Amino acid sequence: MSQQSMKIEAARAALEYVENGMRLGIGSGSTAEEFVKLLAERVNAGLEIIGVPTSERTAKLCTELGVPLSSLDETPQLDLTIDGADELDANLSLIKGGGGALLREKIVAFASKKMIVIADGSKVVEKLGAFPLPIEVNIFGLAATKQAVEDAAGKLNLTGAIKIRENRDGDEFKTDGGHLILDASFGHICDPEALSNALHAIPGVVEHGLFIGLADVAVVAQENGVEIKTAAL
Ligand SMILES: O=C[C@H](O)[C@H](O)[C@H](O)COP(=O)(O)O
């Protein structure tokens, strides 16, 4: 099965968790987009949900396909969020933000009673960190913030390149919130919680892509079928 087919299978299996009348957080990225397409089919067949998108891109796709949307201001409490991930471990700790949507994704997941992660098997890791950790930062004081991130990580014995994310045309990548992203290639992160706390202590850091204690269930599509994971701890 291709990786694309696995994304579709994970999205299809996650759709089973969606019930009529739900207030639904809708994730971002290629796996979440497969979910949106399947969700739209169900909506057009009569399923009634209201969605809160986690990015402008997801909002556009939902609108094009007829998925009704609300905002988190109008609908501040959600029943379920379904979203992709760049990496997930056995505790269902995640790295997210490969597409730069981590801030809105985290706000939406936090506002939800439950979060389900959808992924193909390649996203499952023993230790987080092979995927560079996205860190969303304010433009003001960028060099100082980058230095502070390096110092904080160094105290946790995490070293490695920290790069300012660029678009394909070489310009700085800007998030939906108008911030920049630092991609930190720390390698294996032995203590994600300690790193999360250290990053949150830096004023220029808006948010980071470590999602700890947010995901309740992971729907992971493997070659031989879909596996439902719950946190090991
Ligand atoms: O910012 C992007 C999001 O966190 C995505 O959910 C994540 O990057 C996974 O995306 P994909 O399903 O395309 O691998």
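Just follow the structure's listing: the first ligand is 1, and inside any ligand the first atom is 1. Note that the structure is predicted; figures quoted are calculated from it, not measured.
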(request) For Asn138, check side chain to side chain contact (heavy atoms under 4.5 Å, CB included) against everything at least two apart and list the hits. (result) Phe140, His179, Val206

(request) Please list, by chain and number, the protein residues whose heavy atoms come under 4.0 Å of ligand 1. (result) Ser28, Gly29, Ser30, Thr31, Asp83, Gly84, Ala85, Asp86, Lys96, Gly97, Gly98, Gly99, Gly100, Ala101, Glu105, Lys123

(message) Would you compute the distance between atom CG of Leu103 and atom OG1 of Thr54 and round it to the nearest 0.5 angstrom?
(response) 11.0 Å

(request) Output the distance between atom CG (Leu214) and atom NZ (Lys96), rounded to the nearest 0.5 Å. (result) 10.5 Å

(request) Could you walk me through whether Lys7 and Glu34 pass salt bridge (Lys or Arg N to Asp or Glu O under 4.0 Å), step by step? (result) CA-CA 7 Å; Lys7 289 178 186 187; Glu34 294 306 333; over 6 Å; no

(message) One pair to check against salt bridge (Lys or Arg N to Asp or Glu O under 4.0 Å): Glu64 and Lys60. What are the steps and the verdict?
(response) CA-CA 6 Å; Glu64 281 167 6; Lys60 185 168 177 283; 3.0 Å; yes

(message) Applying side-chain hydrogen bond (donor to acceptor under 3.5 Å, both in side chains) to Ser122 and Asp120, what does each step give before you reach the verdict?
(response) CA-CA 6 Å; Ser122 70; Asp120 63 83; 2.3 Å; yes

